[in-house]
Amino acid sequence: MLRLSLHDARRLLAAHHFTPGDARSVLRRLGSVQFDPLNPVGRNHDLVLQARVHDYKVGDWENLTYEERFLYDAWDKQASLVLMKDWPLRRIYHRWHRRHWLEVFDAHPEALDAVREELARRGPLTSSAFEYQVHKPEWRGSWYGAGLTKRALRALWHTGEVVTHSRRNGHHVYDLAERVVPAELHRAPPPPDGESVAWLLKLRHRAVGLLRPNASQEVWSLDISAAERRAALSSLVAAGDLVPVEVEGVRFHALPETLAALDAARFPERMIFVAPLDQLMWDRKAIAHLFGFEYV
């Protein structure tokens, strides 16, 4: 068990998160950026990158996502921008999410077929641009509204058949995954579930830096039980892929490469504005313990 003082833990996290780099290196370090369209003083995905990339301009993420295909829209910790190269490892989300969309897959296969056929025939489309438009009055007022077309698109999006090709006025423009995802990634066989879960757990630690094993479920955003998560974390510790760390009586885990940078870690010598959904802020109880800041 490695023991750190509050000062060293703060120094480590500041350096881990805010050592500047270019957009690609920062995104590789974080693994994902939570996407949020709300814009009170800037959108989360822009603010996260602005805090780390010195020459970042608002909207630079769009070129990285929809032109260069370095990123793509996916489910990670909620809706996020993630690295395209990670498509095969993230296919576990497609299998997890299918069971949450049985209402569409089992009850409305005709809607799924109509959406697939129209995308194949017409190319990228927003949900409102489809010729196929069916509404279910009993769904009015629900999260996705009464449109069966939109719900079919979201079911296919969450299960990897459809992806976000681009955005138009903030709205998803959908296309078939095989026309957007590079062929070598789209055809790659998914690894075993255990390998994908272990990778995702390490990814969460890389994103946050120091992460409590009992952080709340929304931090992990994995469709496994708490017991399964604890067992997987124990296996990673036993293998040396995670290191137990204690900071003033609270247990954390960290990646060995994160801790290896501790000796060189320095507080960035500039003021940084941290977005509400920044990776640093994901585990609010940890932030309260480490920084004395109660984020409510």
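Numbers here are sequence positions counted from 1. No hydrogens, no waters, no symmetry mates; every other heavy atom, side chains included, goes into these values.
- Here ring pair (Phe, Tyr, Trp, His ring centres under 6.0 Å) pairs that include residues 27-49, with residues two or more places apart or in two chains, are F35-H45, F35-W61, H45-W61.
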In a table with atom names and distances, give each donor-acceptor pair under 3.5 Å that connects a side chain of residues 191-203 to protein atoms at least two apart or in another chain.
from	atom 1	to	atom 2	distance (Å)
D193	OD1	R95	NH2	2.5
S196	OG	L89	O	3.3

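- In this structure, L211 CG and N214 CG are separated by 9.0 Å, a value rounded to the nearest 0.5 Å.
- T65 and E62 form no side-chain donor-acceptor contact under 3.5 Å, judged by distance and modelled atom types alone.
- Checked against side chain to side chain contact (heavy atoms under 4.5 Å, CB included), E103 has the following partners two or more places apart in sequence or in another chain: W139, R151.
- Between the CG atom of D60 and the CG atom of L49 there is a distance of 8.5 Å, given to the nearest 0.5 Å.
- For W96, the ring-ring contact (aromatic ring centres under 6.0 Å, His included) partners at least two apart in sequence or on another chain are Y93.
- In this structure, R69 contributes its side chain and V180 its backbone to no donor-acceptor pair below 3.5 Å.
- A distance-only check finds a donor-acceptor pair linking the side chain of Q133 to the backbone of F130 [under 3.5 Å].
- Hydrophobic cluster membership for L47: none, as no Ile, Leu, Val, Met, Phe, Trp or Tyr side chain comes under 4.5 Å of it.
- Listed here is the closest heavy atom pair of A207 and L30: CB-O, 3.5 Å.
- T149 places no side-chain N or O within donor-acceptor distance of the main-chain N or O of S127, the cut-off being under 3.5 Å.
- A distance-only check finds a donor-acceptor pair linking the side chain of S221 to the backbone of E218 [under 3.5 Å].
- Note on residues 107-123: pairs passing side chain to side chain donor-acceptor pair (under 3.5 Å), not counting sequence neighbours, are H108-E110, D113-R116, R116-E161, E117-R121, E118-R122, R121-E131.
- If you check the side chains of H97 and D223, you find no donor sitting under 3.5 Å from an acceptor.
- Legend: residues meeting salt bridge (Lys or Arg N to Asp or Glu O under 4.0 Å) with D278, ordered by chain and number and at least two apart, are R52.
- Looking at D283, its side chain never comes within 3.5 Å of a backbone N or O of A215 through a donor-acceptor pair.
- Among residues at least two apart or in separate chains, ring pair (Phe, Tyr, Trp, His ring centres under 6.0 Å) pairs with a member in residues 210-233 are H205-W220.
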Can you give each donor-acceptor pair under 3.5 Å made by side-chain atoms of residues 233-256, sequence neighbours left out, with the distance rounded to 0.1 Å?
from	atom 1	to	atom 2	distance (Å)
S234	OG	R230	O	3.1
S235	OG	A231	O	3.2

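- Interatomic distance, CG of L119 versus CZ of R179, reported as 6.5 Å (0.5 Å rounding).
- Every residue was checked against the ring-ring contact (aromatic ring centres under 6.0 Å, His included) condition with H165, not counting sequence neighbours, and none meets it.
- Within the structure, side chain to side chain donor-acceptor pair (under 3.5 Å) pairs that include any residue of residues 73-86 comprise S32-D76, Q34-K77, Y66-D73, D73-R167, D76-R90, D76-R204 (at least two apart or interchain).
- L102 belongs to no multi-residue hydrophobic cluster, having no ILVMFWY side-chain contact under 4.5 Å with any other such residue.
- Side-chain N/O atoms of T164 and H172 include a donor and acceptor closer than 3.5 Å.
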